[in-house]
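This report concerns only the one structure given below.
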Number of protein chains: 2
Amino acid sequence: MASTLEEIAELSGVSRSTVSRVVNNDPRVSEATRELVLEVVRKEGYRPNLAARGLALGRSNVIAAVIPVGFENVLSDPYFPSLLQGMASAADTNDHFLMLSLGEPGFRHTVDEIARQGVVAGVIFSASKVDDPLLERLVATGTPVVSVGRPYDERVSYVDIDNRGSARQMTTQLLRLGYRRVALIAGPSFAPAAVDRSDGYADALSGFGLRVDENLIYEGDFSEASGRAGMRTLLEHRPDAVFSASDRMAAGALNEIRSAGLRIPEDIALVGFDDMPLAAEMEPPLTTVRQRPHQLGAAAATLLLDLLADPTGSPKRVILPTELIVRASCGSQLNQETLSR
Amino acid sequence: MASTLEEIAELSGVSRSTVSRVVNNDPRVSEATRELVLEVVRKEGYRPNLAARGLALGRSNVIAAVIPVGFENVLSDPYFPSLLQGMASAADTNDHFLMLSLGEPGFRHTVDEIARQGVVAGVIFSASKVDDPLLERLVATGTPVVSVGRPYDERVSYVDIDNRGSARQMTTQLLRLGYRRVALIAGPSFAPAAVDRSDGYADALSGFGLRVDENLIYEGDFSEASGRAGMRTLLEHRPDAVFSASDRMAAGALNEIRSAGLRIPEDIALVGFDDMPLAAEMEPPLTTVRQRPHQLGAAAATLLLDLLADPTGSPKRVILPTELIVRASCGSQLNQETLSR
DNA sequence: CAATACAGTGGGAGCGCTCTCAGGAGGACG
DNA sequence: CGTCCTCCTGAGAGCGCTCCCACTGTATTG
């Protein structure tokens with residue numbers, strides 16, 4: 001089992017350089033030699049030494065996923081696992097490795113280290129607080145970065161879903177169904193995704209000639225507890241429908257509505273955002289906007305790899321589609337066809 | 001900003017070798033020189049190039065977490081995220097990086113690659129099917145491996161919880177509370193953890209002079225659906241208590257018990273295993289065995305690092321403690337004190 | 001005081017790869 | 001038929017590090 005370029009060269013009677021070219025798909029090799037070398041490579045089960053390659057190249061084929069939020073915050077929500085899986089899948093497909101850097105307090109140190117010195121070719125940054133100073137540091141050091149979710153820094157490429165459009169669409173559905181006092185449990189205003197969803201909500205209202213009633217808006221923090229608290233406040237203003245900017249907040253809202261002795265959707269309609277697994281199992285099942293974290297992760301990795309391949313050019317963005325999932329909680333069993341647009 | 005050993009050597013007026021010794025804490029350097037060099041290192045923000053070090057050393061400071069199950073299977077369960085976080089935390093503490101390899105079908109290729117050629121110093125293997133052929137391959141190639149959960153292969157070091165003891169303890173509690181027809185919804189027999197829990201259940205019965213009634217045992221696959229199906233079968237044999245080898249199966253069982261019009265714990269007691277977040281929120285809250293995946297992950301990483309530092313010696317194992325969490329579903333509000341042992 | 005030990009240091013080689021450059025063989029062209 | 005170009009190949013250098021070995025100077029020993 002030969003394990004160096006040199007040995008493969010020896011075995012196939014060519015030079016190290018030629019083997020290197022074959023391995024790297026350099027076109028300047030005759031078809032005959034290529035076949036010959038590939039045969040030996042296959043037979044010997046040769047794999048290039050990545051450390052050596054990284055050293056010679058000055059860069060590596062490892063990309064890092066940086067998730068500064070810490071998983072603890074997202075328990076019960078498979079968002080981050082799915083995201084990671086998507087990244088891992090795309091990285092693997094493109095012969096890259098995925099390195100993980102989570103966000104516990106003491107971790108920052110290592111992230112910087114990772115970003116330096118060719119340990120990692122680029123970074124996928126994924127946090128709820130997208131203006132994280134860490135992101136700035138990465139950008140400042142010239143590390144190729146892709147953000148999951150729109151960051152404040154416009155120089156950063158990112159992947160995202162159409163939060164604003166999806167929220168508009170969802171809110172519009174509620175309005176179409178005849179609801180007129182549509183409340184919003186918004187996400188935290190420091191999160192671009194939350195702001196976008198709030199904007200989409202407002203878009204929909206003005207599309208129906210309605211104006212935003214601040215009494216019908218509550219700013220939560222995406223947590224179930226804040227959803228519950230928000231609902232308690234909002235109920236005082238008698239909404240006939242509630243759009244929660246996340247399913248988790250919707251779950252909290254649902255509990256509060258129950259406690260108030262109201263029925264969903266008869267007394268009040270409730271819709272969410274994310275389509276986390278729990279949504280379908282709520283009582284009643286929750287109408288929501290489906291996003292696919294797995295695809296988002298894969299898109300992020302792919303975008304980063306593109307950036308790595310062609311470092312020039314302006315920041316890129318990739319917006320993934322969402323899907324309106326209509327379930328009982330909005331008081332309609334209209335089929336999707338009717339509902340989408 | 002100097003970035004190579006050579007430059008630091010230049011700047012501090014010593015040789016490359018000396019700087020290398022300082023950086024690697026080699027004792028054969030005078031205190032004065034060490035101080036001097038360290039000063040320059042600090043001032044220049046020097047970090048060794050890991051690719052170069054990996055190449056020279058023939059190994060790297062990256063460890064891989066291999067999780068062949070695929071996250072999709074474990075949605076709604078933060079087990080793997082917590083595990084990963086624990087690993088990442090321990091790796092970071094010890095100046096190592098964590099590389100992620102998930103288990104989608106096409107991934108195997110890359111895992112092998114990872115294991116070769118000093119990309120990765122060692123592997124943490126974590127799967128429900130612990131006799132995964134991949135594990136064997138890793139062992140065969142001499143890659144240092146630590147398994148999360150007891151593997152069949154005895155040459156493999158592992159971390160685990162005391163599944164058997166915990167299950168015995170839990171079952172014993174049910175028996176102490178007076179239940180005599182204690183059923184078991186077991187995990188799949190290919191999983192050592194499941195087998196151990198079943199053994200613990202049997203231990204407890206025989207401790208009370210009872211014999212195992214095959215009619216009161218159902219083999220599930222840890223999934224909620226199998227818990228529900230198992231419960232349906234078991235109900236025909238009128239158990240007065242059920243020990244489910246996982247909380248997820250317990251959730252399924254709970255639904256089935258409800259559907260049958262029975263009350264928990266009045267008509268039948270139900271206890272689980274894992275203490276996933278959902279357990280506390282069940283109706284009624286679930287008595288269960290708490291394990292801490294975060295600690296498990298950290299222990300796995302630490303063990304692997306130990307192995308790396310001292311490759312000689314026989315396989316090691318680390319068994320982490322569990323905790324009995326008593327909630328309403330077992331029909332007892334006895335305090336923990338009374339219950340443990 | 002000579003012989004020996006040893007702490008501290010520097011230089012060279014080499015880890016396995018990629019890249020640049022030089023050169024040979026063969027075809028196209030005037 | 002000589003010249004030029006193109007295609008393919010090989011040799012050398014170097015990426016930044018660690019290791020081994022050789023060396024110097026001082027301390028220890030009989």
Once you round it to whole Å, what is the distance between [atom2] of [N] and [atom1] of [X]?
{"X": "B:Leu5", "N": "C:dG12", "atom1": "CG", "atom2": "C1'", "result": "15 Å"}
{"X": "B:Asn49", "N": "C:dG16", "atom1": "CG", "atom2": "C1'", "result": "14 Å"}
{"X": "A:Leu50", "N": "D:dC17", "atom1": "CG", "atom2": "P", "result": "19 Å"}
{"X": "A:Leu57", "N": "D:dG16", "atom1": "CG", "atom2": "C1'", "result": "14 Å"}
{"X": "B:Ile8", "N": "D:dG16", "atom1": "CD1", "atom2": "P", "result": "13 Å"}
{"X": "B:Arg53", "N": "D:dT18", "atom1": "CZ", "atom2": "C1'", "result": "9 Å"}
{"X": "B:Arg47", "N": "D:dG16", "atom1": "CZ", "atom2": "P", "result": "17 Å"}
{"X": "A:Arg34", "N": "D:dC7", "atom1": "CZ", "atom2": "P", "result": "14 Å"}

Considering residues at least two apart in sequence or located in another chain, which fulfil the salt bridge (charged side-chain N to carboxylate O under 4.0 Å, His left out) criterion with B:Glu39?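 B:Glu39: salt bridge (charged side-chain N to carboxylate O under 4.0 Å, His left out) contacts with B:Arg42.
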Partners meeting salt bridge (charged side-chain N to carboxylate O under 4.0 Å, His left out) with A:Arg155 (sequence neighbours left out):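 Once residues adjacent in sequence are excluded, the partners of A:Arg155 under the salt bridge (charged side-chain N to carboxylate O under 4.0 Å, His left out) criterion are A:Glu136, A:Asp153.
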Mind checking what makes side chain to side chain donor-acceptor pair (under 3.5 Å) contact with [X], not counting sequence neighbours?
{"X": "B:Thr33", "value": "B:Ser30"}
{"X": "B:Glu6", "value": "B:Arg16"}
{"X": "A:Asp160", "value": "A:Asn163"}
{"X": "A:Arg53", "value": "A:Asn24"}

Residue-level proximity of residues 12-33 of chain A to DNA chain D when a heavy atom falls under 4.0 Å: A:Val14, A:Ser15, A:Arg16, A:Ser17, A:Thr18, A:Arg21, A:Arg28, A:Val29, A:Ser30, A:Thr33
Give every residue pair that meets the salt bridge (charged side-chain N to carboxylate O under 4.0 Å, His left out) criterion with at least one member in residues 293-309 of chain A, sequence neighbours excluded.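 Applying salt bridge (charged side-chain N to carboxylate O under 4.0 Å, His left out) to every pair that reaches into residues 293-309 of chain A, excluding sequence neighbours, yields nothing.
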Counting a pair only when it is Watson-Crick or G-U and both distances are under 3.5 Å, which runs of at least 3 such pairs involve DNA chain C? C:1-30 with D:1-30
The reported gap from OG in B:Ser15 to CG in B:Leu5 (rounded to nearest 0.5 angstrom) is 9.5 Å
Tell me whether A:Thr93 contacts the main-chain N or O of A:Ser89 through its side chain, where contact means a donor paired with an acceptor under 3.5 Å. yes
Any side-chain N or O of B:Tyr46 less than 4.0 Å from the OP1 or OP2 oxygen of D:dG16? no
